[in-house]
Amino acid sequence: MKQQILHLDLDTFFVSCERLIDSRLQKRPLLVGGTGDRGVVAACSYETRRFGVHSGMSMKLARRLCPEAVVIRGNASIYTKYSRQVTDIIKEKVPVFEKASVDEFYADLTGMDKFFGTYKYASELRSTIIRETGLPISFGLSANKIVSKVATGEAKPNNQLRIDEGFEKSFLAPLSIKKIPSVGDKTYQILRNLGIDKVSVVQQMPLEMMISVLGQNGKTIWMRANGLDNPPLIPFYDRKSLSTERTFGKDTIDMLRLKTTIFAMAESLAYSLRSGDRLAGCISIKIRYSDFNTYTKQVKIPYTSADHVIIPKVMELFDKLYERRLLIRLVGVKLSDLVTGNYQINMFDDTEEMLSLYNAMDTIRNRYGELSIQKAAAMGAKTIGRFSNPFNGEPPILLAHRNQ
C-alpha cells in the first residue's frame, strides 16, 4: 500500500486570526508580536515581506523596514480558540494525524485512495477548513512527510500541491538548500561557503562527504534532499517538562521585581501540574544577564505539585544562581521529569488546612481563570499565566507578545 502523507499549514496564522476579528486589517501590512524595543515579530503579513520583514526578526527593525505596518500585540487565547476549531475539523475527518504546532498538522491518508482519492479528499478537507473557520490554509501531499512539508511551502499562499511518488527528487532538485527542514542559518552559511546553494548539488554529493562536513546532521540533510528521510507521525504530544520565561523590557537589578516574577512563575507552573494530574521531579532556574551570558541551575526533588515545596526551592535556586550582580535581561523557571500522579500528602509537614486551601484556590482558578486568585507575593507579576491545559496532547502555543 502506497503511503500518502498530508501536511497542512495555516497561512500567516496570527495575522489571519487578527483579520477575522477586524476586517479593516485586510490587505494592510500587519505585524504581530512584542511591541517594545526587545519584542520580536511572531507573525507578519505577506504585504510586509517585500520590505524584507520575516518572523523572528526584532520588532524594532521590522518597524524601520516597514514603517506603515500596523503593529498588534497579539492574544494567545484567540489563537488557541481558532487552532482548536481547525483541530476539531481534522480530528473528525482524518483517522491519524499529528499536531506539530498551533498552526501545522500532518495526516496519514494511506489507503484512503481506494475509497475517495487521496488528493480529492485532501482538497475537500482544506475547503471545509476554509469554509468553516474563514482561515486560509495550504497543503502538500506526497509519500513522504518531509517532502509534503516542503511542498506546502511551495504551494503558499492559500494553495495546494501534490508530488507524485517517484518525483520527489526532481521536485526538490531546483529548490534552495534552505528549503530543506533542519537547514538553519548557520548550516546554510556553511553549505554556501562550500558552494552549495541548490538541493540538486547535495543530491549529487556522496553521503560520506556530507557527514564529514556536518556530522549526523549532514546525513539527515542528505537523506531529506534525496527524498528518503521520512520520520513517523507522532499522534500524541506528551509533555516531559513545563517552563516559562520572562524577558524584561529593560535590564533590571530590582530584586523585588525579580523575586516577585520568579515566585509567580513557580506558582503558575505548580498549578498547571495539579490541573493536569502531574508531578515534577526536577526544578531548574535560568538567568540571562545584560551581556547575554546565560546560566542555569537545577535540583532533583521528591515528586510533587505542591506550592509549599516548589516555590521555596525555586527561590532558593535563584539565590544560589544569582552571583554576578549584573543587570538581568531574562529569568525562567522549568519543571521537568514529569510523571502522571496526584500529590502525596506528607504526614509530618502537611496540614488539613493547607490542603483545603490548595483545593479552594484551584477551584476558583478552574472556574474564573488562573489569574483570578494569587498569593500576595505574586501580585506584581499579573501577566504570568496560562490560557489552556498544557497536558491536552497539543504543542504549546507561542505567545505572540512574548519577548525573546
Side-chain angles (χ1 to χ4, degrees), residues 34-40 73-77 241-275 280 282-299 301 304-336 354 357-358 360-366 368-388 390 396 398-404:
T35 55
D37 287 343
R38 289 182 176 171
V40 297
R73 185 175 175 82
N75 188 319
S77 61
S241 66
L242 275 181
S243 64
T244 185
E245 294 181 352
R246 170 56 48 86
T247 300
F248 299 106
K250 185 177 181 181
D251 296 346
T252 182
I253 201 172
D254 183 341
M255 292 306 296
L256 178 60
R257 185 183 183 192
L258 289 167
K259 291 195 172 184
T260 297
T261 300
I262 293 216
F263 188 104
M265 287 177 171
E267 183 182 23
S268 174
L269 292 175
Y271 167 66
S272 294
L273 286 179
R274 296 192 297 274
S275 299
C282 184
I283 296 175
S284 307
I285 285 287
K286 176 180 180 180
I287 293 177
R288 179 171 296 149
Y289 291 101
S290 55
D291 59 4
F292 282 87
N293 284 317
T294 305
Y295 299 87
T296 61
K297 185 179 282 289
Q298 70 176 36
V299 64
I301 59 171
T304 185
S305 60
D307 288 359
H308 72 277
V309 177
I310 292 174
I311 294 175
K313 187 60 68 174
V314 165
M315 304 308 292
E316 178 186 336
L317 275 178
F318 175 75
D319 289 335
K320 289 180 178 178
L321 185 61
Y322 181 44
E323 296 178 338
R324 297 186 63 193
R325 304 307 172 191
L326 294 176
L327 292 171
I328 289 179
R329 177 184 178 88
L330 173 149
V331 292
V333 179
K334 180 179 179 180
L335 305 180
S336 54
M354 181 184 63
L357 176 62
Y358 281 167
M361 291 178 68
D362 287 351
T363 299
I364 294 172
R365 288 170 175 146
N366 293 339
Y368 298 106
E370 183 178 340
L371 302 182
S372 59
I373 184 169
Q374 292 177 291
K375 292 183 174 64
M379 291 301 289
K382 295 180 181 179
T383 58
I384 292 175
R386 296 181 179 273
F387 297 93
S388 62
L398 169 68
L399 296 179
H401 59 272
R402 183 62 52 84
N403 295 338
Q404 302 294 321

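This chain uses plain numbering: 1 for the first residue, then up along the sequence.
Between V314 and A266 the shortest heavy-atom distance is CG2-CB, 3.9 Å. Contact detail for Q298 and S284: the closest heavy-atom pair is CB-OG, 3.3 Å. Taking all atoms of both residues into account, the shortest heavy-atom contact from D251 to S290 is OD2-CB, 3.0 Å. Shown here for L273 and A280, the closest heavy-atom pair between the two residues is CD1-CB, 3.7 Å. M265 and E245 make their closest contact through CE-C, 3.5 Å (heavy atoms, listed as atom of the first residue, atom of the second, distance). Here the closest non-hydrogen pair linking R257 and T261 is O-OG1, 2.8 Å.
A 4.5 Å side-chain heavy-atom check between Y289 and I328 finds at least one atom pair inside the cut-off. Between K334 and T296, every side-chain heavy-atom pair lies at or beyond the 4.5 Å cut-off. At least one side-chain heavy atom of L256 sits under 4.5 Å from a side-chain heavy atom of T260. Considering only heavy atoms from C-beta on, I287 stays 4.5 Å or farther from R324 through its side chain. Contact of the K286 side chain with the L321 side chain is not registered, since no non-hydrogen atoms from C-beta on lie closer than 4.5 Å.
In this structure, Y295 has its ring center at least 6.0 angstrom away from the ring center of Y322.
Atoms CG and CD1, from L327 and I253 in turn, are 5.5 Å apart once rounded to the nearest 0.5 Å. Expressed to the nearest 0.5 Å, how far CG of D291 lies from CZ of R288 amounts to 11.0 Å. For the atom pair CZ of F263 and CE of M315, the computed distance is 7.5 Å after rounding to the nearest 0.5 Å. Summarising the geometry, atom CD1 belonging to I301 is positioned 7.0 Å from atom CG belonging to L335; distances are rounded to the nearest 0.5 Å. Within the model, atoms CD1 of I285 and CD1 of I262 stand 4.5 Å from one another, a figure rounded to the nearest 0.5 Å.
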Could you go through V333 and F318, starting from their C-alpha distance and side-chain angles, then the distance that decides it, and tell me whether this counts as side chain to side chain contact (heavy atoms under 4.5 Å, CB included)? CA-CA 9 Å; V333 179; F318 175 75; over 6 Å; no
Report the C-alpha distance between R274 and D307 in whole Å, list the side-chain angles of each, state the deciding distance to 0.1 Å, and finish with yes or no for side chain to side chain contact (heavy atoms under 4.5 Å, CB included). CA-CA 10 Å; R274 296 192 297 274; D307 288 359; 2.9 Å; yes
